[in-house]
Amino acid sequence: MDISIATWVLTIAGLCALIAVDFFVGGRKPHEVSLKEAGTWTVVWVALAGLFGLGLWLFAGPTPSGEFFAGFITEKSLSVDNLFVFILIMAKFSVPSIYQQRVLMVGVLIALVLRAAFIAAGAAVISTFSWVFFLFGAFLIWTAVKLIREAAQDEQEEEYEESRFMKLVERRFPSTDQYHGTKLFVVENGRRLMTPMLLVMLAIGSTDVLFAFDSIPAIFGLTQDPYIVFTANAFALMGLRQLYFLLGGLLRKLVHLSYGLSVILGFIGVKLLLHALHEYGVHVPEISIPLSLSVICGVLVVTTITSLYTSRKASREAEEKADH
């Protein structure tokens, strides 16, 4: 799509306004988030994404709208997998429950800003070097295979391991072990110290940037329009805080999520490779957006059903063993 500077400015201003409303209405005062609150805000964010996609349909046509929905659903499903790591980070830093929503809000904002830079860089590279599609496609297929192997061997990380960036921050800047409300810095004995609140926010934000190495190539496999890539990422990330509290224990029941995501990433990887061959004049079939959207939704539905069935069966068997 040919997006004007004015449209970009209005879109970013609108997203900032929505974030401000989210903060002042739901996240300004630290508190424990109830299921009702998390569910309401999750519905609101999904509805806003749906309205935006509908607006694209009306003003730009079915193709951009389909690309947005495919990208949004893909990014949202990948974000759900990321929530496992967020839970480990919260446990690692012993974040009090009343402060967790503030941590997630700021961490997601950091990730959104950094992802915007990634998207701009990716769009510039793709517009100049078409061979990058081969690289993105191969990377996604490799990631899909890696996910399957980890799921089959049950090698999911049980503890959060700090990145080099976080270790560097903790070495270079003095910090305190005590939380002081939502303060990021405190002064003790004349020294300015970071609080764990700032550290966990940086951990959430930097970790999500690492996840972008999977999600950004994946969405570029569905659309090469920077505007759609950015807005799909924005809507997927902005509702992540509420989704964290809504899903809660349900995350542990999505035992087949990694398999489903591996299928989606592998599918998009093949789509990218076919597109790359097409760009170089090789006559190969290309995968349409309607087909992509159908495959992504179908895989997620099947994955959710089989995960819940398997978890329920395992729980029932465990209860029977306990009775005996």
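Below, all heavy atoms of this structure are taken into account, side chains as well, without hydrogens, waters or symmetry copies. Nothing fancy with the numbering, it's 1 onward along the sequence.
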Does any part of the side chain of [Y], heavy atoms only, come nearer than 4.5 Å to the side chain of [X], both counted from C-beta?
X	Y	answer
Gln224	Ile228	no
Ile268	Ile287	no
Tyr259	Ser307	no

Those residues at least two apart in sequence (or on a different chain) that pass side chain to side chain donor-acceptor pair (under 3.5 Å) with Thr306 are His256
Co-membership, hydrophobic cluster, residues [X] and [Y], 4.5 Å side-chain:
X	Y	result
Phe59	Phe69	no
Leu293	Leu265	yes
Leu291	Leu222	yes

Starting at [atom1] of [X], measure out to [atom2] of [Y] and round the result to the nearest 0.5 Å.
X	Y	atom1	atom2	answer
Leu237	Leu15	CG	CG	11.0 Å
Leu56	Thr63	CG	OG1	11.5 Å
Leu240	Thr42	CG	OG1	9.5 Å
Leu272	Phe139	CG	CZ	12.0 Å
Met201	Met105	CE	CE	9.5 Å
Ile296	Thr74	CD1	OG1	3.0 Å

Taking [Y]'s backbone N and O only, do any of them form a donor-acceptor pair with [X]'s side chain (distance below 3.5 Å, no angle check)?
X	Y	answer
Thr195	Lys183	yes
Gln100	Val95	yes
Ser294	Pro290	yes
Ser65	Gly53	yes

| message | Would you call the rings of His275 and Phe133 parallel, tilted or perpendicular, taking 30° and 60° as the class edges? | response | perpendicular
Assess whether atom [atom1] of [X] is packed by more than 12 heavy atoms of other residues, nucleotides or ligands within 6.0 Å.
X	atom1	result
Phe185	CZ	yes
Glu286	CD	yes
Ile5	CD1	no

The side-chain contact (heavy atoms from CB on, under 4.5 Å) partner of Leu198 among Val103, Leu193, Leu184 is Leu184
Applied to residues 109-134, the salt bridge (charged side-chain N to carboxylate O under 4.0 Å, His left out) test, sequence neighbours excluded, yields Glu75-Arg115, Arg115-Asp208
With sequence neighbours left out, the residues meeting ring pair (Phe, Tyr, Trp, His ring centres under 6.0 Å) with Phe52 are Phe68, Phe235
- Return yes if a side-chain donor-acceptor contact under 3.5 Å exists between Thr7 and Tyr227, otherwise no. no
